[in-house]
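Throughout, protein chains are lettered first and strands after them, A, B, ... in sequence-line order, and every chain is numbered starting at 1. Values below: every heavy atom of this structure, side chains too, minus hydrogens, waters and symmetry copies.
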There are 2 protein chains.
Amino acid sequence: MARKTGSHSEITGPRVRAAALKLFARHGFAAVSMRQIAAEVGVQAGALYLYTKDKQSLLYDLMQAHMDELLSAWAAQPKADDAVSRLEAFARFHIQFHLERPDAVFIAYMELRNLSDENFAAIEALRRRYEGELEAILQAGQAEGVLSAPDIRLTTMALIAMLTGVNTWYRDGGRLSRDAVADIYWDMVRGAVGA
Amino acid sequence: MARKTGSHSEITGPRVRAAALKLFARHGFAAVSMRQIAAEVGVQAGALYLYTKDKQSLLYDLMQAHMDELLSAWAAQPKADDAVSRLEAFARFHIQFHLERPDAVFIAYMELRNLSDENFAAIEALRRRYEGELEAILQAGQAEGVLSAPDIRLTTMALIAMLTGVNTWYRDGGRLSRDAVADIYWDMVRGAVGA
DNA sequence: CTATGATTTGAACGACCGTTTAGTTATCAA
DNA sequence: TTGATAACTAAACGGTCGTTCAAATCATAG
C-alpha cells in the first residue's frame, strides 16, 4: 500500500497538529510516541515526517502558534483610555481566551521543559511579551493613582496565575457561565490591586 | 562486583527518593529513566527495585509523602478565632510551605496525569482535603460577614492558584525576601475577597 | 571466625522509541 | 491518457525503556 485515496496535505497536516495537541495535552509530550500520534491521525508513523521535521519541532510549532495567537488576539482588543478599564479588559480577555483552548494552554505551561534551549528561549520571549502587557497596565494604573501594586512584577505574576488557574477547574455546563466566571474573577482582580 | 562497602538501605533509600524528586521535577516523570535515577544515586538500575516496586510507585510515594506533609503541617498551625486571621494564616503558610519545597510542589501539580487511576484518585482526595481547608475558612468568613466570595469554590481555586504561582517566579536572593513576598500576597488575597 | 542475610552488580528480557528510506499508489496538469 | 509529483506504507536502523534474576560481595550477630 502507499498513497491513500482522498489524501491531501492540507487535510492531513492540520490533523497531525490536532492529534499532537490533543495527545500532548492528555498524556504529556514525553509520554506520547510518534506512533500514537500517527494512529490518532489514521496513518503510519513515517508519514508524520512529511509534516514535521521531528517531534521537537512538532511541539515547538504548537507552542509558537499558540503564543502568536495569544499576542495577536490581545493586540486586536480595543484599548480603553484608563488603566482600570484596560485591566478589566485584560482579565476578561485572558479568561475567555484560555477557556477557549485548554489543550494549547496546558501544553504551553507544562511542556516548556521539553523544549530545546533555543526553542525555549523563543517561547519564553513571547510569554514575557504577554506578561509585559499586564505589567504596563499596572504601571499606568499606579501612575494614575487608581490602583496599588507594591511590586509590579509580583502582582503581574500573581494575577496571571490566578486567572490562568480557571482552566484547572472550570468545565462548560457547570453551575456558572463563562461570563459569570469572568465577572467574579474581575472582581477579585480589582480587589487584589485595590482598584 | 556486588555489594558495595558502606552500603545501607537507610542511606540508599532516601537517596533514591531524593534523586527521583530532583530528576522528575527537572525533566518530568516520563522523560526520566530508571537508569538516570540510578546514576544520580551512584548505583545500577536494578538496585532501585530494592526500594520501590516500580517506577509508578516511586512517583506515587513522592506525591503521597508531599501531600501528607502539607496536610499535617497545616494541621499543626495554630488556629485563630476569626476567619480573616485564619485566612491570613493560610496565605502565609501556603507561600512559606511551597517556597520551601519547589521540587515536590512542581511534581505534585505536574505529574498527576502520570499516576495510575487508583493512585490519582488517592492523591486527588488529599488535594481536595487541602482545598477544603481554605473553603471552610471562606465559608466561615462569609457567615461572619467579614468577606465576600460570590462562589466559594471559584474563590478557593483562584486564591490557591495565585498563591501557588509564587513558585514560578520567586528565587531566593532576589529583590524581595520571603516575608516581603508573603506580605504582598496576603494584601492581594485580602483585597480579592474584600476583607 | 563463621554463617546468615542484606545489598548490589551485570547481564539479559521483550517491547518500544524516533527517524530514515525504498518502493507503491493516488492525484492532477498537460 | 500519460507522466510527474504528492502522499503514504512497510520495513528496518540503532538505541533505550522498565524490569527480573542469578551470582557476588559486604555487614554483622553469635
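- Taking side-chain N and O atoms only, Ser33(B) has a distance below 4.0 Å to OP1 or OP2 of dC17(D).
- Nearest-nucleotide positions on DNA chain D place Gly46(A) closer to the 5' end than the other of Phe29(B) and Gly46(A).
- Checking dT8(C), dT19(C), dC8(D) against the side-chain heavy atoms of Val43(B) singles out dT8(C) as nearest.
- Aromatic ring orientation, Phe97(A) versus His66(A): tilted (interplanar angle from 30° to 60°).
- When the nucleotides dC8(D), dA12(C), dG18(C) are ranked by their closest atom to the side chain of Arg35(B), dA12(C) comes out on top.
- In this structure, Arg26(B) is not positioned above the aromatic face of Phe106(B) in the sense of NZ or CZ being under 6.0 Å from the six-membered ring centre and within 45° of the axis.
- Rounded to whole angstrom, the span from the CG atom of Leu48(A) across to the P atom of dC8(D) amounts to 10 Å.
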For nucleotides 27-30 of chain D, list the nitrogen or oxygen atoms of the protein found under 3.5 Å from its nitrogen or oxygen atoms, one pair per line.
from: dA27(D); atom 1: OP1; to: Gly6(B); atom 2: N; distance (Å): 2.7

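- Straight-line distance from the CG atom of Asp54(B) to the P atom of dC17(D): 17 Å, rounded to whole Å.
- Distances shown here put a side-chain N or O of Tyr51(B) below 4.0 Å from the OP1 or OP2 atom of dT8(C).
- In this structure, Glu10(B) atom CD and dT7(C) atom C1' are separated by 11 Å, rounded to whole Å.
- Relative to the side chain of Tyr49(A), the nucleotides dT19(D), dG10(C), dG18(C) differ in distance, and dG18(C) lies closest.
- Rounded to whole angstrom, the span from the NZ atom of Lys53(A) across to the P atom of dG18(C) amounts to 15 Å.
- Per the geometry, CG belonging to Leu50(A) stands 9 Å off C1' belonging to dA6(D), to the nearest Å.
- Atom pair Ile11(A):CD1 and dA26(C):C1' shows a separation of 13 Å (rounding to whole Å applied).
- The side chain of Lys55(B) has dG18(D) as its nearest neighbour among dT7(C), dT19(C), dG18(D).
- Rounded to whole Å, atom P of dC17(D) lies 11 Å from atom CD1 of Ile37(B).
- Using a 4.0 Å heavy-atom distance criterion, Val32(A) is classed as a sugar-phosphate-only contact.
- The aromatic ring centres of Trp74(B) and Tyr130(B) sit 6.0 Å or more apart.
- The side chain of Met34(A) sits closest to dG18(C) out of dT9(D), dG10(C), dG18(C).
- In this structure, Arg113(B) pairs ionically with Glu111(A), as a charged nitrogen and a carboxylate oxygen lie closer than 4.0 Å.
- No donor-acceptor pair closer than 3.5 Å links the side chain of Glu40(B) to the backbone N or O of Leu23(B).
- Of the possible polar contacts, one joining the Gln142(A) side chain to the Ala149(A) backbone as a donor-acceptor pair under 3.5 Å is found.
- Per the geometry, CD belonging to Gln56(B) stands 15 Å off C1' belonging to dT19(D), to the nearest Å.
- Under the 3.5 Å distance criterion, the side-chain polar atoms of Arg86(A) are left unmatched by any main-chain donor or acceptor of Ile137(A).
- Taking the six-membered ring where tryptophan is involved, the planes of His98(A) and His94(A) are essentially parallel, since the angle between them stays under 30° and well short of 60°.
- Across all strands, Gln36(B) comes closer than 4.0 Å only to sugar-phosphate atoms, never to a base (heavy-atom distances).
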